[in-house]
Number of protein chains: 2
Amino acid sequence: MAEGAPRRQPTLDEVAERAGVSRSVASRALNNAPHVSRAKREAVERAVRQLGYVPNPTARALATRQTGAAALVISGEDPSIFADPFFAQVIVGASAALEEAGLHLMLCLAASPRGRERVAELLRGKGADGAMLMALREGDPLAELAERAEMPVVFGGRPVGATPRWYVDADNTGGAREATEYLLSRGRGRVATICGRLDTEAGRARYRGYRDAMLGAGLDPLPPREADFTEAGGAAAMAALLAEHGDLDGVFAANDNMAVGALRTLREAGRPVPAEVAVVGFDDLAVARVADPPLTTVHQPVTALGREMARMLVALVGGQDPTPLILPTRLVVRASA
Amino acid sequence: MAEGAPRRQPTLDEVAERAGVSRSVASRALNNAPHVSRAKREAVERAVRQLGYVPNPTARALATRQTGAAALVISGEDPSIFADPFFAQVIVGASAALEEAGLHLMLCLAASPRGRERVAELLRGKGADGAMLMALREGDPLAELAERAEMPVVFGGRPVGATPRWYVDADNTGGAREATEYLLSRGRGRVATICGRLDTEAGRARYRGYRDAMLGAGLDPLPPREADFTEAGGAAAMAALLAEHGDLDGVFAANDNMAVGALRTLREAGRPVPAEVAVVGFDDLAVARVADPPLTTVHQPVTALGREMARMLVALVGGQDPTPLILPTRLVVRASA
DNA sequence: CACCCCGTTGGGAGCGCTCCCATTGGAAGC
DNA sequence: GCTTCCAATGGGAGCGCTCCCAACGGGGTG
């Protein structure tokens, strides 16, 4: 907080007066728009420097009807979902792309009812120039809010049961299929999957990939063994799997967190990885490299996902009509399979 | 994006007209301020519902000189610093507290020069009602920006070399001392430390804690072995430590990431943990529980840190003058030491 | 019955900026 | 030398909301 007298911030009028020009000219000079003589432009710049003028973003927003901010909304019934480093990566990408476009990032963790309400306000009132929505589950109230939103909305991953106009997604099915096929190609014949929440499209798509690969190899896919994308959930699912199918020799986990959990369970059960059971994850987050053994996993360009979402939103805000994007995944082979 | 005709959002004037009252009364009714008769209040509420009116936050911000948003600024020369799950936890806490106060969260990753410039704008122009600054390094340009900021600023952790007026920090020195003392108390006599970046106050404070504990036990502290708070950095530092002091039997790493790296190096070097070398970390992030062996570490209330920063900021915005806060840490004993 | 008090009410002046538009004047064209 | 054109300029009207303040009127008091 500034010390001393509560001197107001200088306004554009004061800058104009100091520079000996009209407010209009000062405004144009500031936004370096045309129709300003070199002399006046410099006079304005000098005045700005002398007064330490900084434009008031709120006033500008009101006049231009643009807030200069984009919202990133992460759904979930409980804030702990955000602990997944996946989101941090997305944010890094989105933040960079937004920064490039001169937009600020508003982060909304739509966990509590109160939070969801605030998101609704943001979307319905013009609290941002656009929004990115992620992690929607089936029947997510956010989906409806997105419909009513007074601004462009880009989805990160697709919501369940509907294909929005604009989204960026990873090739979940393809990646999962590749992972499973890899396990099969390495001679694993009894491959199970720990799938993510089936009330998310990513969870379903990855299960489809597993199923397709199994069917393609003439094998019976196991029914979905659902977990919640967390390490603990993965560990529990692995234990259940082991109890039911003691003879399995391969597991595709629908994300790295769950794969790490599976690894832990297998270690505790004395089932060496990959000797007895091979494990493949999905995401390729930092944890995959550090796991023991290092995790073979489906790499998903998470930072790019954030970046492309933001870019798509920027295009939308700029009046363009971008096309949805599906980012490629690729298998990264490490020691676990 | 709304379909159909580009109908404008209804304004307060339209609501007032519809309700048969003046704009003033409508405004008061909306903000449920006094001096509005029951009848008119209800008429306004009805009109709001019928028109689907949502107040324009920008206009409100301009009139009240309050943006309704708080910025969380994370410094760092490179966005990857944000990959540290530490920040995600802070955000969860801050977000919840801000939500309670009806403020939005603007997240600023001040990594690139461009990003820092935008933060400067935000802080100098009134782009937010207040800011929380984290992860400042020695000589960080953000420190000066904070001085000039036209809004209250709360620090998360203290900047190097200066104690700001308002901050929330963890008891870094105390925690590090406790960790080291624990190692010593378990009969480890040759205890080294992998300290974090010494251009951060947290890095320095934790080294001081180690040093104090060593001196307190009449032992010679080893000189700081600096790493960058990452897993890879921790692994490298551990390797160097092993090369120089092959006989060490205890390591205090200044955060969990580095501790996990150290664990990996020790495993690769065939030095069983904790049998030959005991390891203690700092932070108690999720990774500590999952590590192999599970990591003994200094628990730091990270979510509370975010929450308290936000609460302090809210108090400040509300015109109060809160006092700085130092949150307690505590040792969590697991298998690694 | 005059007077005062106070809850209601609405008019109007901003908040600080953008942008449309009419005006000006000098350079270029004939 | 006169018209034409256009860059440069500044006045003014908003953007949608808050809030001060004067005005109004009904009930209570002396």
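Since the model is a prediction, treat every value here as computed from it, not as a measurement. Letters A, B, ... mirror the listed sequences (proteins, then strands); counts begin at 1.
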Checklist entry - If you measure from the Lys or Arg side-chain nitrogens to the Asp or Glu carboxylate oxygens, is any gap between B:Glu45 and B:Arg41 under 4.0 Å? => result no

Next on the checklist: Any carboxylate oxygen within less than 4.0 angstrom of a Lys/Arg side-chain nitrogen, looking at B:Glu144 and B:Arg148?
Outcome noted: yes

Checklist entry - Do any side-chain nitrogens or oxygens of B:Ser22 fall under 4.0 Å of OP1 or OP2 in C:dG10? => result yes

Checklist entry - Once you round it to whole Å, what is the distance between P of C:dC17 and CD of A:Gln9? => result 9 Å

Checklist entry - Taking NZ from A:Lys126 and C1' from D:dC17, how many angstroms apart are they, rounded to a whole number? => result 17 Å

Item to check | Over 12 foreign heavy atoms within 6.0 Å of CD, A:Glu14 | outcome: yes

Next on the checklist: Please determine whether a side-chain nitrogen of the Lys or Arg among A:Arg158 and A:Asp169 lies less than 4.0 Å from a carboxylate oxygen of the Asp or Glu.
Outcome noted: yes

Checklist entry - Rounding to a whole Å, what distance do you find between A:Glu14:CD and C:dC15:P? => result 10 Å

Checklist entry - Separation of B:Glu17 atom CD from D:dG16 atom P, in whole Å? => result 15 Å

Item to check | For atom CD of B:Glu150 and atom P of C:dC15, their distance in whole Å | outcome: 17 Å

Checklist entry - Does a salt bridge link B:Glu42 with B:Arg38, judged by any charged N lying under 4.0 Å from a carboxylate O? => result yes

Checklist entry - Is there a side chain to side chain contact (heavy atoms under 4.5 Å, CB included) between A:Leu72 and A:Phe87 once you walk through the steps? => result CA-CA 10 Å; A:Leu72 175 59; A:Phe87 294 109; over 6 Å; no

Checklist entry - Near DNA chain C, under 4.0 Å by heavy atom, which residues of residues 26-41 of chain A? => result A:Ser27, A:Asn31

Item to check | Comparing B:Leu62 and B:Val21 on DNA chain C - which has the more 5′ nearest nucleotide | outcome: B:Val21

Next on the checklist: Is there a side-chain contact between A:Arg65 and the phosphate of D:dG16, meaning an N or O under 4.0 Å from OP1 or OP2?
Outcome noted: yes

Next on the checklist: Please determine whether any donor N or O and acceptor N or O are separated by less than 3.5 Å between the side chain of A:Arg23 and the base of D:dG12.
Outcome noted: yes

Item to check | Of the listed nucleotides C:dC17, D:dC19, D:dC17, the one nearest the side chain of A:Ala63 | outcome: C:dC17

Checklist outcome for this item: Per side chain to side chain contact (heavy atoms under 4.5 Å, CB included), B:Trp166 is matched among B:Thr323, B:Leu316, B:Val153 by B:Leu316

Next on the checklist: Using a 4.0 Å heavy-atom cut-off, does B:Ser24 contact any base of the nucleic acid, only the sugar-phosphate backbone, or nothing at all?
Outcome noted: base

Checklist entry - Atom CG of B:Leu12 to atom P of C:dG11: distance rounded to whole Å? => result 13 Å

